[in-house]
Colleague: 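Below is one structure. I have some questions about it.
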Amino acid sequence: MTKQKVVGPRVIYWHRTDLRLHDSPALKAALDLKPECLWQCWTWDSHYVYRARNGPNRWQYLLDCQRDLSESITKINSKAKLFVIREGPQTLFPKLFKSWRVSHLVFEKDTDVYARDRDESIVQLAKDAGVEVIVKVGRTLYDPDELVKGNGGKPTMSISQVQAVAKKLGEPPRPIPAPKSLPDPGETPLDFDQERPSADPDINGQTRESKEQSFSALAGPNGDFAVPTMEELGLPVATTPHRGGESLALQRLAEVCKDKEYTATFEKPKCAPTEVPASTTLLSAHLHFGSLGVREFYWRVQDVVDEWKKGKHKVQATQPPTSLTGQLLFREMYFGAQAALGHPFHQTHANPSCRFIPWHLQSTIDPSTNRATGSYSIDSSAAERQFQRWAHGQTGFPWIDALMRQLRSEGWIEHLGRHAVACFLTRGGCYISWERGAAVFAELLLDHEPACNAGNWQWLSCTAFFAQFYRCYSPVAFPKKWDKSGDFVRRYVPELAKFSDKCIYEPWTASVADQKKWGCLIKGDGSEKEDGKMKVYPEPMFDFGERRDACLKGMKDAYGVGLYGNDKRVMDGSWKKLFPDDAEGLAEGDGAQSDGAEEAGSKTKKGGAAGKKRQAGQGTLDGVVKKAKK
DNA sequence: GCGCTAGTTGACGTA
DNA sequence: TTACGTCAACTAGCG
């Protein structure tokens with residue numbers, strides 16, 4: 001067994017947003033180096049474990065992806081696997097570079113705000129260690145920085161801007177096939193100490209069932225660099241039926257593309273948010289974790305579309321942005337906005353593209369960084385109660401609650417469903433900051449893509465991207481359009497399963513006799529689940545029609561005042577003077593709202609009211625609500 | 001500066 | 001059942 005010693009590049013391929021072997025420009029770059037040895041690694045980052053709120057479903061999905069990738073690697077080379085090393089890259093890499101005599105570090109470019117900061121330091125550390133760094137774009141169709149450059153250095157705020165730049169940049173490249181062979185990894189000595197992160201604060205602490213132990217040893221509990229388990233993370237079993245991994249992603253993509261008519265004539269606004277199984281592709285989480293390459297998705301679909309266009313069909317192929325590939329352009333748009341705006345894109349404060357609305361439950365800001373801290377100020381205890389009821393599917397509006405319960409148990413809801421709950425929480429119901437909703441989605445959505453999440457919440461709250469705030473989703477009329485008999489509600493709000501079609505979206509309109517007959521009483525605020533043998537479903541937490549009118553008025557006024565997140569008056573808190581009755585409102589309790597005696601109507605004129613004091617009764621909507629009730 | 005149109009996905013009433 | 005106009009009204013982009 002004498003083997004001639006070959007001296008060549010010793011490469012770490014650092015997997016992050018690319019848990020796949022197909023369509024990976026970074027992997028190709030690593031292999032093009034003709035390495036003597038190649039370690040495919042994942043660094044276990046304390047940021048994700050302790051500092052970002054992640055529900056069990058998302059963790060399960062990540063671990064699925066890692067396990068599947070590791071198995072796929074091993075199938076190609078039995079000596080290779082995904083090496084999961086339990087330490088943050090900032091402290092690990094300098095030690096690893098030396099110990100493993102690494103010559104190159106290769107990874108996929110990530111323009112997320114956290115990743116940018118992290119990677120900047122990693123590139124410097126590699127430079128200091130004499131390690132060459134290769135970064136490749138693979139997460140998006142276009143490099144978000146190039147997209148911004150092509151848009152005159154400005155954030156991409158409309159789909160037409162994205163389409164214009166994409167036209168200039170040309171078609172995205174074809175996907176790269178998975179490698180047929182992989183070099184051996186080198187030896188993996190761990191002759192250095194592990195630096196464990198502080199578990200304080202552990203913002204996922206409440207979710208854990210047992211102690212978090214994923215940092216117990218550098219190579220894991222068995223010393224084999226294996227993918228951690230949910231038990232290691234101390235997390236409960238995931239409840240979602242959706243599972244991760246490249247094998248499943250490619251299988252699903254093949255299923256989608258096999259139905260040529262579906263693929264070629266897909267039209268987003270016509271996808272029912274109430275369908276189970278989903279009317280859309282369910283590939284978003286795979287795109288997020290990189291278990292599916294976006295170019296793979298784009299070209300597999302585009303090839304079907306091109307073929308369809310050649311044939312004679314009753315139904316024409318659809319065009320971007322409503323077509324299937326068009327959906328990817330919205331992703332590009334949000335990545336472009338994030339790339340240009342950086343950290344402020346994820347908050348109102350200091351965000352030049354985001355309108356300021358005097359929402360309830362605004363984020364608290366660290367004045368030294370101008371960044372949101374993750375906590376928020378409770379200006380109104382009623383708004384806080386509404387927020388909690390929204391987040392846990394107890395609003396008393398079955399359509400909203402069904403969606404929020406689906407989100408919590410399965411980690412996924414259809415796009416229009418997301419619209420409905422987001423509109424309801426912000427401009428079309430609760431008048432609560434979009435940042436509160438975005439945080440809940442960030443924790444619970446399997447496909448939580450930070451840029452898309454922030455962008456879509458700004459869209460729905462009419463603070464950026466979209467401004468037609470008078471188009472408001474009704475929790476009753478909107479779902480009826482898709483699901484007359486309320487099957488979706490019956491599935492996710494089973495206590496209402498026996499209610500009549502007529503009452504399913506408005507169970508409070510049922511007579512007490514009917515409620516008894518159907519086995520569920522409509523009462524309370526959601527804290528009571530049963531009353532004797534009867535189930536209990538909460539009363540609606542407000543009169544939707546009144547809240548819609550009040551929100552509409554509030555939005556109109558706030559647009560008139562015309563502040564953006566980077567306005568000095570937003571930054572220094574003096575915006576409160578422009579919304580003078582801010583101190584009024586729900587803070588005193590549900591029934592103790594402002595007396596609303598002042599004239600509620602606004603005479604604020606279009607665009608010209610910046611700096612003009614609003615008339616009393618407008619700062620929060622509650623004075624208006626009270627007035628409307630009289 | 002002005003008028004006009006388009007903007008992936010509203011609700012409601014009428015024909 | 002579907003198609004369209006109205007409601008009261010936003011911004012951005014274009015000519």
Side-chain angles (χ1 to χ4, degrees), chain A residues 151-152 154-166 265-275 278-281 284 317-334 337 352-357 397 399-400 403 413-424 426-429 452 455-484 505-506 544-564 601-610:
Chain A
N151 195 43
K154 293 194 293 286
T156 41
M157 300 303 289
S158 75
I159 203 66
S160 54
Q161 288 172 342
V162 175
Q163 285 177 303
V165 183
T265 66
F266 180 96
E267 203 174 356
K268 189 71 249 284
K270 291 185 180 165
C271 295
T274 50
E275 248 172 67
S279 59
T280 47
T281 65
S284 52
T318 43
Q319 296 293 322
T322 55
S323 66
L324 201 44
T325 57
Q327 302 313 301
L328 297 177
L329 296 180
F330 285 95
R331 186 170 177 266
E332 301 288 314
M333 176 178 80
Y334 293 134
S353 298
C354 181
R355 283 182 180 276
F356 176 82
I357 310 287
F397 293 94
W399 166 237
I400 301 298
L403 289 162
I413 38 183
E414 201 276 334
H415 192 63
L416 283 178
R418 300 181 196 200
H419 277 217
V421 297
C423 180
F424 184 88
T426 57
R427 66 180 168 86
C452 299
N456 276 318
W457 273 95
Q458 287 169 61
W459 182 301
L460 263 299
S461 61
C462 287
T463 49
F465 300 100
F466 184 71
Q468 289 158 274
F469 54 74
Y470 46 87
R471 290 196 183 162
C472 180
Y473 293 86
S474 155
V476 175
F478 183 70
K480 270 187 191 164
K481 201 161 66 177
W482 307 96
D483 182 8
K484 277 243 164 349
Y505 293 113
E506 311 165 86
F544 177 74
E546 286 173 4
R547 289 300 297 184
R548 180 184 49 203
D549 293 349
C551 284
L552 207 62
K553 192 176 279 298
M555 291 299 290
K556 199 173 155 187
D557 291 340
Y559 263 61
V561 174
L563 299 181
Y564 282 80
S602 169
K603 300 285 188 286
T604 309
K605 290 218 175 68
K606 186 181 173 183

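By convention in this document, chain letters (A, B, ...) are assigned in the order of the sequence lines, proteins followed by strands, and residues within each chain are numbered from 1. Note that these values count all heavy atoms, side chains included, but never hydrogens, waters or copies made by symmetry. All figures in this text were calculated on a predicted structure; none of them were measured in a lab.
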Colleague: Which part of the nucleic acid, if any, lies within contact of A:W459, taking any heavy atom under 4.0 Å across all strands shown: a base, the sugar-phosphate backbone alone, or nothing?
Modeller: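 The residue A:W459 makes base contact.
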Colleague: Just verifying a value: how many Å separate A:F466 CZ and A:M157 CE, rounded to the nearest 0.5 Å?
Modeller: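 Answer rounded to 0.5 Å: 13.5 Å.
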Colleague: Reckon A:Q161 touches a base, only the sugar-phosphate, or nothing at all at heavy-atom distances under 4.0 Å?
Modeller: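 The residue A:Q161 makes sugar-phosphate contact but no base contact.
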Colleague: Can you check whether A:T322 reaches A:K270 side chain to side chain, under 4.5 Å on heavy atoms?
Modeller: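 Side chain of A:T322 against side chain of A:K270, heavy atoms only: no contact under 4.5 Å found.
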Colleague: Give one of base, sugar-phosphate or nothing for A:F478, where a contact means two heavy atoms less than 4.0 Å apart.
Modeller: sugar-phosphate
Colleague: Need the pair for C:dA9. Rule: Watson-Crick or G-U wobble, both distances under 3.5 Å, any strand; none if unpaired.
Modeller: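 Pairing partner: none.
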Colleague: Between A:Q319 and B:dT8, is there a side-chain N or O to OP1/OP2 distance below 4.0 Å?
Modeller: no
Colleague: Heavy atoms only, 4.0 Å cut-off, all strands: where does A:R418 land among base, sugar-phosphate and nothing?
Modeller: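 No contact.
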Colleague: If we ignore hydrogens and angles and just use 3.5 Å, is the side chain of A:R418 paired with the main-chain N or O of A:I413 as donor and acceptor?
Modeller: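 Confirmed, A:R418 side chain pairs with A:I413 backbone.
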Colleague: Quick one: does any side-chain atom of A:T318 pair with a main-chain N or O of A:E267 as donor and acceptor, under 3.5 Å?
Modeller: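 No: the side chain of A:T318 does not pair with the backbone of A:E267.
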Colleague: Would you classify A:E267 as touching base, sugar-phosphate or nothing, given that sugar-phosphate means primed atoms plus P, OP1 and OP2, and contacts are heavy atoms under 4.0 Å?
Modeller: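 Answer is nothing: A:E267 stays at 4.0 Å or more from every strand.
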Colleague: Report the distance from atom CE of A:M333 to atom P of C:dA12, rounded to the nearest whole Å.
Modeller: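 Distance, rounded to whole Å: 14 Å.
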Colleague: Of the listed nucleotides (B:dG10, C:dC10, B:dT8), which one gets closest to any side-chain atom of A:Q468?
Modeller: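 Shortest atom-to-atom distance from the side chain points to C:dC10.
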Colleague: Expressed as a whole number of Å, how far does the P atom of C:dT6 sit from that of B:dC4?
Modeller: 16 Å
Colleague: So if I take every side-chain heavy atom of A:P269 and compare against B:dC12, C:dC10, B:dT9, which nucleotide ends up nearest?
Modeller: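 The closest nucleotide is B:dT9.
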Colleague: For a 4.5 angstrom cut-off between non-hydrogen side-chain atoms, does A:Q327 reach A:F266?
Modeller: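 Yes; the side chains approach each other to less than 4.5 Å.
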Colleague: Identify which nucleotide among B:dT8, B:dA11, B:dT9 has an atom closest to any side-chain atom of A:Q327, counting heavy atoms from C-beta outward.
Modeller: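 Shortest atom-to-atom distance from the side chain points to B:dT8.
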Colleague: Using whole Å, report how far CZ of A:F266 lies from C1' of B:dT9.
Modeller: 11 Å
Colleague: Write down the distance separating the C1' atoms in C:dG13 and B:dG1, rounded off to the nearest Å.
Modeller: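 Looking at atom C1' only, C:dG13 and B:dG1 are 15 Å apart.
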Colleague: Using atom CG of A:L329 as one end and atom P of B:dT9 as the other, report the distance to the nearest whole Å.
Modeller: 15 Å
Colleague: Verify the contact: side-chain N or O of A:R471 to OP1 or OP2 of B:dT9, cut-off strictly under 4.0 Å; return yes or no.
Modeller: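 Indeed, a polar side-chain atom of A:R471 lies that close.
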Colleague: In Å, rounded to the nearest 0.5 Å, how long is the span from OH of A:Y473 to CZ of A:F544?
Modeller: 12.0 Å
Colleague: Atom CG of A:D549 to atom P of C:dC7: distance rounded to whole Å?
Modeller: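 Those two atoms, CG and P, are 17 Å apart.
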Colleague: Rounded to whole Å, how long is the line connecting atom CZ of A:R427 with atom P of C:dC10?
Modeller: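 It works out to 14 Å between those atoms.
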Colleague: Between C:dC10 atom C1' and A:L460 atom CG, what is the distance in whole Å?
Modeller: 15 Å
Colleague: Would you check if A:Y470 stacks with the base of C:dC7, given a 5.5 Å centroid limit and a 30° plane limit, both strict?
Modeller: no
Colleague: Return the pairing partner of B:dT8 with a 3.5 Å limit on both distances, Watson-Crick or G-U wobble; otherwise return none.
Modeller: none
Colleague: In terms of the angle between their ring planes, are A:F465 and A:W459 parallel, tilted or perpendicular, with boundaries placed at 30° and 60°?
Modeller: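 Correct class here is parallel.
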Colleague: Choosing from B:dT8, B:dT9, C:dT11, which nucleotide comes nearest the side chain of A:Y473?
Modeller: B:dT9
Colleague: Please determine, for B:dG13, whether a Watson-Crick or G-U wobble partner exists with both distances under 3.5 Å, and give it or none.
Modeller: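 Across any shown strand, B:dG13 pairs with C:dC4.
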Colleague: Could you check how far CD of A:Q458 sits from C1' of C:dT11, rounded to whole Å?
Modeller: 16 Å
Colleague: In whole angstrom, give me the gap between the P atoms of C:dT2 and B:dT8.
Modeller: 25 Å
Colleague: Using whole Å, what does the distance between atom C1' of nucleotide C:dC10 and atom CE of A:M555 come to?
Modeller: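 These atoms are roughly 10 Å apart.
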Colleague: Hey, does the side chain of A:K556 come within less than 4.0 Å of C:dA9's phosphate (OP1/OP2), counting only N and O?
Modeller: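 Yes, such a contact exists.
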Colleague: Among B:dT9, B:dA11, C:dC10, which is the nearest nucleotide to the side chain of A:K268?
Modeller: B:dT9
